[in-house]
Colleague: 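First, the structure itself, so that you have it in front of you.
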Protein chains: 2
Amino acid sequence: MSTERPVRVRRSPEAARENILAACEAILLEKGPQALKLADVAAGAGVANATVLHHFGSIDGVQTALMTRMIRQLVERVAVDFSQHQDAVGRVGAGARALFDAFGTRGGARLAAWLELTGEARRMTAIRQAVQEVSALRMQLDGPPDDGAVQDFMLVCISMALGVGLFGATLADLLGRPPERIREIALDLIEARIRQETGAQG
Amino acid sequence: MSTERPVRVRRSPEAARENILAACEAILLEKGPQALKLADVAAGAGVANATVLHHFGSIDGVQTALMTRMIRQLVERVAVDFSQHQDAVGRVGAGARALFDAFGTRGGARLAAWLELTGEARRMTAIRQAVQEVSALRMQLDGPPDDGAVQDFMLVCISMALGVGLFGATLADLLGRPPERIREIALDLIEARIRQETGAQG
DNA sequence: CGTTCTGTTGACATTTTTGTCGGTAGCGGC
DNA sequence: GCCGCTACCGACAAAAATGTCAACAGAACG
C-alpha cells in the first residue's frame, strides 16, 4: 500500500563511528571476536555494509579502531580509581581493585584475550601502548622507584585480574559457586601480600 | 622430464585424524584460532582439503575434535602431576603447580581462552566435561570434603593459572622482565595462603 | 529555493572459504 | 594376480565475506 521509504538518519562522522564501534563492542561481548563480521557489525549498528566501510576503510580498520577505543576506555577507568587514593599503600590495593573491575566488566579481559590469541604485530602495539600508559600513570603518581620486584608484582596482579575477569564467571557457573567470590578471594590474596610486605618493611 | 607422480600416503583413519589434529594444534599455538582455515589445516597436515573434510565432515568438526583432544591431553597431564603427591596438603601446592604447568605449556591457556571467547553451547559441554573430570579426579584422591570454600579457592587457583599462562609471557616481555618470575610469584601467593590456613587450623 | 558537501545506500564485483563429486590408488584378503 | 574397500585427490560448485561504485538524500549555506 504505502510507499514508505526507509528513513535515513544522517549522523556526524564522529557519531557515526561511535555508533558503529558501540555495536562492535556489544557483539564482542556477546558473541566473541570471531563474530565481528562486516554484515553483523552493520546490522548491529543499523546501517548498511557500505557505511561501515566508508568510515573505517575495511573490516580490519574497524577492529583496530575498536581496540584503540576499548584500550583508551580501560586506561581511563583504571586511572580514575587509581587516583582516588592519596597514600601509595592504599593505592596498590585500590589499583588492584580497579584492575579487576576494569578487566571484569565491559569486556576488557575478552579484548586482551583476543589480542593475545590473534597476536599480530599491529595489535601488539596497542597492548604495548596501554601498558606504557598505565605504567606512566603509576610512575607519575608514585614516583620513579619502579624496581623489578614492584614491576613483577604488578604483572602478577594484572595477570590475575585478566584470568579472573576472563574465566571467573564461567568457572564459577560451572561449579555452581557465586561468581563474585572468586574476585574477592583473589583480591584478598593480593592485599594479604601487600600487608605482609609493608608490615615487614615499615 | 620425469613423469613423477606425487606419492600418496595412505594412513589408518586414526592416524589420519591424528596427523590433521596435530597440524591444527601447531597452527592454533602459532597463529591463533582464527587461522584455523580449512586450506591452512590441510596444507599443514600435508593432505588435500577434501581429505580433511572426509575425516571430520566440516571445519567445525575439526575444531570440535581439536578441542576434545586438547582437553583430554590437558586433563591427563594435570592428573599425572596431581597424583605424584601422597599427602593432601602437599597436593594442593603440587596441584597448583601442575595447573600452572598445564596451562602455561602446550597452549592449554590458549585453548581455554578460545573456548571462552567462542563460548557456544556445544563447546561449553567440552569445558564442562573437563571440569567434571578434574573434579572427580580430585575427589577420588582426596575424598568428598569438597566444601564451598575449598571449591572457591580452587577456582581462584585455576583462574590465576589461566591468566598467568595466557598473558604472563607477553606481559613480562612488554616490560622486559624475566617471564618465569610471574609464575613463581603467583605460586608463592597461593602457597603462602595455604601455609597460613593449615597453620591456623592445625 | 538552489547549490554544495558528504553521509548513506542498494546493487554488484571480487575474494575467500567451505563443501561436493567422480575418479584414483594404496593395501589387505583371497 | 585381482578384487573390494576406502583413504585420498583434483576439479569444480556453493556459500560467505569483503569491498566497489554510482546514485540518493539530509543539512548547512547562500
Side-chain angles (χ1 to χ4, degrees), chain A residues 2-24 26-28 30-67 114 117-118 120 122-123, chain B residues 2-24 26-28 30-67 114 117-118 120 122-123:
Chain A
S2 60
T3 58
E4 45 172 323
R5 57 178 172 70
V7 279
R8 181 186 287 196
V9 295
R10 185 192 178 94
R11 290 172 248 253
S12 73
E14 302 78 35
R17 288 174 60 97
E18 171 63 26
N19 173 49
I20 292 168
L21 289 182
C24 286
I27 292 174
L28 177 64
E30 188 176 345
K31 307 199 179 162
Q34 84 288 352
L36 278 178
K37 309 291 185 191
L38 179 58
D40 296 347
V41 168
V47 298
N49 289 16
T51 304
V52 178
L53 277 314
H54 171 72
H55 284 291
F56 294 96
S58 69
I59 190 65
D60 240 53
V62 174
Q63 298 185 350
T64 301
L66 177 62
M67 288 177 214
W114 178 30
L117 283 185
T118 57
E120 298 154 22
R122 171 173 60 77
R123 317 193 176 209
Chain B
S2 59
T3 57
E4 45 173 323
R5 56 177 174 69
V7 278
R8 181 188 286 195
V9 295
R10 184 191 177 94
R11 288 171 251 253
S12 72
E14 302 78 34
R17 287 173 62 96
E18 170 63 26
N19 172 49
I20 292 168
L21 289 182
C24 285
I27 292 174
L28 176 64
E30 189 176 345
K31 306 196 178 163
Q34 84 291 347
L36 279 178
K37 309 294 183 188
L38 179 59
D40 296 346
V41 169
V47 298
N49 289 16
T51 304
V52 177
L53 277 312
H54 171 72
H55 284 289
F56 294 96
S58 70
I59 189 64
D60 240 51
V62 174
Q63 297 186 351
T64 301
L66 177 62
M67 288 181 199
W114 179 28
L117 285 183
T118 58
E120 298 153 22
R122 172 174 60 79
R123 319 192 172 208

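Each chain gets a letter, A, B and so on, in the order its sequence line appears, and its residues count up from 1.
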Colleague: Rounded to the nearest angstrom, tell me the gap between atom CG in A:Leu38 and atom C1' in C:dT14.
Modeller: 14 Å

Colleague: Donor-acceptor pair under 3.5 Å: do we get one between B:Arg11's side chain and the base of D:dC8?
Modeller: no

Colleague: Using a heavy-atom distance cut-off of less than 4.0 Å, which residues of residues 48-56 of chain B contact DNA chain D?
Modeller: B:Ala48, B:Ala50, B:Thr51, B:His54, B:His55

Colleague: Who passes salt bridge (charged side-chain N to carboxylate O under 4.0 Å, His left out) against A:Glu18, sequence neighbours left out?
Modeller: A:Arg69

Colleague: Whole angstrom is fine here: how far is it from NZ in A:Lys37 over to C1' in C:dT18?
Modeller: 12 Å

Colleague: Measure from the side chain of A:Ile59, starting at C-beta and using heavy atoms only, and say which of C:dG19, D:dA17, D:dG19 lies closest.
Modeller: D:dG19

Colleague: Enter the distance from A:His55:NE2 to A:Asn19:CG here, rounded to the nearest 0.5 Å.
Modeller: 9.0 Å

Colleague: So how far is it from A:Thr118 OG1 to B:Leu117 CG, rounded to the nearest 0.5 Å?
Modeller: 10.0 Å

Colleague: Could you tell me the separation between the CD atom of B:Glu14 and the P atom of D:dA7, rounded to a whole number of Å?
Modeller: 9 Å

Colleague: Could you work out, with side-chain contact (heavy atoms from CB on, under 4.5 Å) as the rule, every residue matching B:Ala23, not counting sequence neighbours?
Modeller: B:Ala45

Colleague: CZ of B:Arg8 versus P of C:dG26: gap in Å, rounded?
Modeller: 7 Å

Colleague: I'd like to check the side-chain contact (heavy atoms from CB on, under 4.5 Å) partners of B:Ala15; sequence neighbours left out, ordered by chain and number.
Modeller: B:Arg11, B:Ser12

Colleague: With sequence neighbours excluded, tell me which residues meet side-chain contact (heavy atoms from CB on, under 4.5 Å) with B:Ala43.
Modeller: none

Colleague: Report for the helix from C:dC1-D:dG30 to C:dC30-D:dG1: angle between first-end and last-end helix axes, five pairs each, rounded to 10 degrees.
Modeller: 10°

Colleague: Hey, are the side chains of A:Val41 and A:Val47 touching, using non-hydrogen atoms and a 4.5 Å cut-off?
Modeller: no

Colleague: Between B:Ser12 and A:Ser58, which residue's closest nucleotide on DNA chain D lies nearer the 5′ terminus?
Modeller: B:Ser12

Colleague: Could you state the CZ-P distance from B:Arg17 to D:dT6, rounded to the nearest angstrom?
Modeller: 16 Å

Colleague: Identify, with sequence neighbours excluded, every residue that meets side-chain contact (heavy atoms from CB on, under 4.5 Å) alongside B:Ala35.
Modeller: B:Ile27, B:Lys31

Colleague: Should A:Thr64 and A:Phe56 count as side-chain neighbours, where that means a heavy-atom distance under 4.5 Å?
Modeller: no

Colleague: On DNA chain C, does the nearest nucleotide to B:Val9 precede the nearest nucleotide to B:Ala39 from the 5' side, or the other way round? Give the residue.
Modeller: B:Ala39

Colleague: Is there a donor and acceptor pair closer than 3.5 Å between the side chain of B:Arg10 and the base of D:dT6?
Modeller: yes

